[in-house]
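Step one of this worksheet: look at the structure below.
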Number of protein chains: 2
Amino acid sequence: MSIKVLVVEDEEAISHLLKYNLTAEGFEVSVVDDGDEALMAAEDFQPDIILLDWMLPNVSGIEICRQLRARSETRDIPVIMLTARAEEEDRLRGFDKGADDYVTKPFSMKELVARIHAVLRRTNPAATGNVVTFGDIVLDRETMRVTRGSVTVTLGPTEFRLLETLIKRPGRVYSREQLLDRVWGQDIYVESRTVDVHIGRLRKALNKGGLVDPIRTVRASGYALDETYSG
Amino acid sequence: MSIKVLVVEDEEAISHLLKYNLTAEGFEVSVVDDGDEALMAAEDFQPDIILLDWMLPNVSGIEICRQLRARSETRDIPVIMLTARAEEEDRLRGFDKGADDYVTKPFSMKELVARIHAVLRRTNPAATGNVVTFGDIVLDRETMRVTRGSVTVTLGPTEFRLLETLIKRPGRVYSREQLLDRVWGQDIYVESRTVDVHIGRLRKALNKGGLVDPIRTVRASGYALDETYSG
DNA sequence: TGCTCGCTGTCATAAATCTGTCATCAAACT
DNA sequence: AGTTTGATGACAGATTTATGACAGCGAGCA
């Protein structure tokens, strides 16, 4: 599954350039040229990262950024600001509003791509390597294998993705709806109670042999990996 | 509490220099000179930021970086790479492996300190946006956890929302009706005395172990967090 | 084609936990 | 003292979560 980039840019010269180059780099690119579309696309297209022009018609990039941060559906999507100005003042203001990085025009594609990767790594560190760990739990994307301690844990595809999702941010509570979105996909309709069942299956597999349950149920909210657990 | 820096550097000349200068700048500095130690120290010393030499004996800095990113315990610690080479190629590779910034030797202390602050500014706010505190009480929306001092406080959903509401404006007095509106929702009908009960429950959970009650009862008006309380 | 097998989603039921109300007592005001 | 307002334990009922059972699906295979 390729990385999805949403480009918000009104100058066609630039957006074309970006689309062309980023597509060549293997990203899946969607372009919009105005703020309202940006907000809609952010929810709809579910990009992994947003490249946001500072200067936009109607609404400024900063405002978009603020609004992205205000909605829980889009809050976690990292944003890189694209701007013509290089002044530190603006840079800080950008960060302040929730931008994750900042690229000054004109920029080299190479640098932009590197920064995209850097930001993704930082905000979604699990995307980095093929191996992620949490306490004594090791999840390997490459071999699709999970181990706990020295024991191999057998998981179905759904449980695997569920754990993969939870482990991205240990401690963070995911609602059933968020899990459905992330694990099952946005266009799938399943009962939200189904999440319970899969959490149960994941628990059973993970804790086989009487181990401590690393998954925390948060009543009326959802589930999380228990960050106080460490072995 | 000062900012903790972990320096991973095998050349003693440099690590001494760093330790001396960073300590003088008010950082708490720990130095290790090899990759495995670095990984251990990262978990153990819990630095706020890591300065990582590119060239290390045994394992390369890049590899360390990758491994730091794989573990949930160390995933969020930002990394600044120190390197002798200035080539863009390497720079990009560094970003690619998860570095947050990149400093080329020889560097001025001033620049390094500035970069440390810049990186911390960039990485911290995102992580702490969902946390509110009042005195020694910490409420984290992301993990849906409340702690007092170092103890986790167990709250039901209603008590959680109640505290969440009160903590938004410490000191402000909320009438029972206002609390019902904000905590229970506008279209719900419950006895206004029910608020008393939940305040009681919140108090019990919060003050377990004989702590000072941070909630102030305002006779004939309602409740508030006591702004004179601060620990 | 027909069969097995593992995985899924849903449901019914049991278990766990939380809630709202009331009765009663304590504290604060007049 | 009398009156009003808040604190609190008890409890029945309501919500929410856990779990076992089951039927449908689809891949792999004879």
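In what follows, chains carry the letters A, B, and so on, assigned in the order in which the sequence lines appear, proteins first and then strands, with residues in each chain numbered from 1.
- Of the residues in residues 183-200 of chain B, B:Trp184, B:Val190, B:Glu191, B:Thr194, B:Val197, B:His198 come within less than 4.0 Å of DNA chain C through at least one heavy atom, sorted by number.
- Checking the phosphate oxygens (OP1, OP2) of D:dT16, no side-chain nitrogen or oxygen of A:Thr217 falls inside 4.0 Å.
- The B:Arg201 side chain lies nearest to C:dT19 when the options are C:dA27, C:dT19, C:dT10.
- Atom CZ in B:Arg203 sits roughly 7 Å away from atom P in D:dT8 (whole-Å rounding).
- Ion pairing of A:Glu227 with A:Arg172 is absent here, as no side-chain N (NZ or NE/NH1/NH2) approaches a carboxylate O to less than 4.0 Å.
- Distance CG (A:Leu202) to P (C:dC7): 14 Å, rounded to an integer number of Å.
- Straight-line distance from the CZ atom of B:Arg216 to the P atom of D:dG6: 13 Å, rounded to whole Å.
- Under the rule for a side chain to side chain donor-acceptor pair (under 3.5 Å), A:Glu25 has no partner lying at least two apart in sequence or in another chain.
- By the side chain to side chain donor-acceptor pair (under 3.5 Å) test, A:Glu63 is found to be paired with A:Arg66, A:Gln67, residues two or more places apart in sequence or in another chain being considered.
- Residues that satisfy the side chain to side chain contact (heavy atoms under 4.5 Å, CB included) test with B:Val151, not counting sequence neighbours, are absent from this structure.
- Judged as a side chain to side chain donor-acceptor pair (under 3.5 Å), and not counting sequence neighbours, B:Arg161 has no contacts.
- For A:Lys168 and A:Glu164, the salt-bridge test fails: no basic side-chain N is under 4.0 Å from an acidic carboxylate O.
- Not a single donor-acceptor contact under 3.5 angstrom links the side-chain atoms of A:Arg219 to the base of D:dT17.
- By the ring-ring contact (aromatic ring centres under 6.0 Å, His included) test, B:Phe27 pairs with B:His117, sequence neighbours left out.
- For A:Glu159, there are no salt bridge (Lys or Arg N to Asp or Glu O under 4.0 Å) partners, not counting sequence neighbours.
- Contacts with DNA chain D (heavy atom under 4.0 Å) in residues 152-178 of chain B: B:Arg176, listed by number.
- An angle of 30°, rounded to 10°, separates the two end axes of the helix from C:dT1-D:dA30 to C:dT30-D:dA1, each defined over five pairs.
- Not counting sequence neighbours, the partners of A:Arg193 by the salt bridge (Lys or Arg N to Asp or Glu O under 4.0 Å) test are A:Asp196.
- Contact annotation: B:Tyr223 side-chain N/O to D:dA7 OP1/OP2 distance is under 4.0 Å.
- Remark: A:Thr143 pairs with A:Asp140, A:Arg145 by the side chain to side chain contact (heavy atoms under 4.5 Å, CB included) rule, at least two apart or across chains.
- A straight line from CG of B:Leu206 to C1' of D:dA7 spans 16 Å, rounded to a whole angstrom.
- Between A:Leu179 atom CG and C:dG9 atom C1' there is a gap of 16 Å when expressed in whole angstrom units.
- Separating the CG atom of B:Leu180 from the P atom of C:dT19 is a distance of 14 Å, rounded to the nearest angstrom.
- Each salt bridge (charged side-chain N to carboxylate O under 4.0 Å, His left out) pair with one or both residues in residues 198-214 of chain A, not counting sequence neighbours, appears once here: A:Arg203-A:Asp213.
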